[in-house]
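Remarks on the structure that follows.
Values reported hereafter were calculated over all heavy atoms of this structure, with side chains retained and with hydrogens, waters and symmetry mates removed.
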Amino acid sequence: MRPARRPFPGPAGARIAILIPCYNEEVAVPRVVAAFRAALPQAAVYVYDNNSKDGTVAAARAAGAVVRTENLQGKGHVVRRMFADIEADAYVLVDGDDTYDAAAAPAMLRELFAQRLDMVTGIRITPEEIAAAAYRPGHQFGNAVLTGMVRWVFGDRISDMLSGYRVFSRRFVKSFPALASGFETETEFTVHALELMLPVGEVASAYKERPAGSTSKLNTYRDGFRILRTIVTLVQRERPLMFFSAASALLLLLALILAAPLLQTFIATGLVPRLPTAVLATGLVLLSFLSFACGLILDTVTRGRQEAKRIAYLAVPGPDFEGQA
């Protein structure tokens, strides 16, 4: 008896692409390709190799994936290339390290199509007995801190900002201005969706340890710092009034601390005993007002950029699946 065919997790005629960026994943990538071909047999599986030194290309091709290359080193560069090259109605992006559960992909796609969302994130759920090996405490703490920062600034609609398991609509992919070069690309996904108030969702997905023989490319401190720097840059770019108002308040507070004893002496005696300190305090006040003025000006510029990104998003035709879902 032939096994029952898995139900298609979307409207009839929908094109689904599985996107797998890889760097030295000879051991893991065949398992990832096989798992997603089994979970989504109707989808096309693409592996983009990023200058691997091992047998990643041959292993992925032998597993049945379409293999392409991107020479610019870094996950962000690979994601930019994949989004530009591949045409589909829905995109499943997953790391090639075999830590994410392919069985969750149909549910994520159903959520995307049924709710007409633009991004669905696979929230990592790790069994307690393997949590320490699969998801190091430093990574858990860093993810919680960085996700909390983004939730506080851009909106409380996400719970796992750094997950590498996502499903996107065509509109998102073809209007996403991919600027990151490395692992901070996940931060860009999240902030872009929150900033444009795009419809997003989340689906729980099991997260497991890498297979024996493969090694992680993540560096807790280096990549954590890069992600933190990206968040600060995005706040400055997307929330300039908040960013420069905070800088303005800090400068003004410092000026007041320096000026308070001078002002007391001036009121009592009519003299300014420490002229250099007075000049410094005056300069800090001027810089404070200048910073606030920059925030006001850049806030107007940012609104124009947001309108342009929204128009670019709306310029991509949405799939006509009415009555087929």
Residues Arg170 and Glu87 bridged, charged N to O under 4.0 Å: yes
Pair Thr302-Asp299, side-chain donor/acceptor within less than 3.5 Å: no
Hphob cluster co-occupancy, Ile18 + Val120, side-chain heavy atoms under 4.5 angstrom: yes
Which side-chain N or O atoms in residues 60-72 pair as donor and acceptor under 3.5 Å with protein atoms at least two apart or in another chain?
{"residue": "Arg68", "atom": "NH1", "partner": "Tyr48", "partner atom": "OH", "Å": "3.1"}
{"residue": "Glu70", "atom": "OE1", "partner": "Arg81", "partner atom": "NH1", "Å": "2.9"}
{"residue": "Glu70", "atom": "OE2", "partner": "Leu72", "partner atom": "N", "Å": "2.9"}

Pair Arg237 + Glu195: basic N to acidic O under 4.0 Å: no
Between Phe172 and Tyr313, ring centroids under 6.0 Å: no
Trp152 with Leu234, same ILVMFWY side-chain cluster at under 4.5 Å: yes
Plane angle bin for Phe176 and Phe83 - parallel if under 30°, tilted between 30 and 60°, otherwise perpendicular: perpendicular
Under 3.5 Å donor-acceptor pairs involving side-chain atoms of residues 240-251, not counting sequence neighbours:
{"residue": "Ser245", "atom": "OG", "partner": "Leu241", "partner atom": "O", "Å": "2.5"}
{"residue": "Ser248", "atom": "OG", "partner": "Ser288", "partner atom": "O", "Å": "2.8"}
{"residue": "Ser248", "atom": "OG", "partner": "Ser288", "partner atom": "OG", "Å": "2.9"}

Co-membership, hydrophobic cluster, residues Val32 and Val47, 4.5 Å side-chain: yes
salt_bridge(Glu184, Lys75) N-O dist < 4.0 Å: no
Within one Ile-Leu-Val-Met-Phe-Trp-Tyr cluster: Val79 and Tyr46, side-chain cutoff 4.5 Å: yes
Pair Ser169-Asp118, side-chain donor/acceptor within less than 3.5 Å: yes
Would you be so kind as to tabulate the donor-acceptor pairs closer than 3.5 Å made by side chains of residues 266-279, with sequence neighbours excluded?
{"residue": "Thr269", "atom": "OG1", "partner": "Thr265", "partner atom": "O", "Å": "2.8"}
{"residue": "Thr269", "atom": "OG1", "partner": "Leu271", "partner atom": "N", "Å": "3.2"}

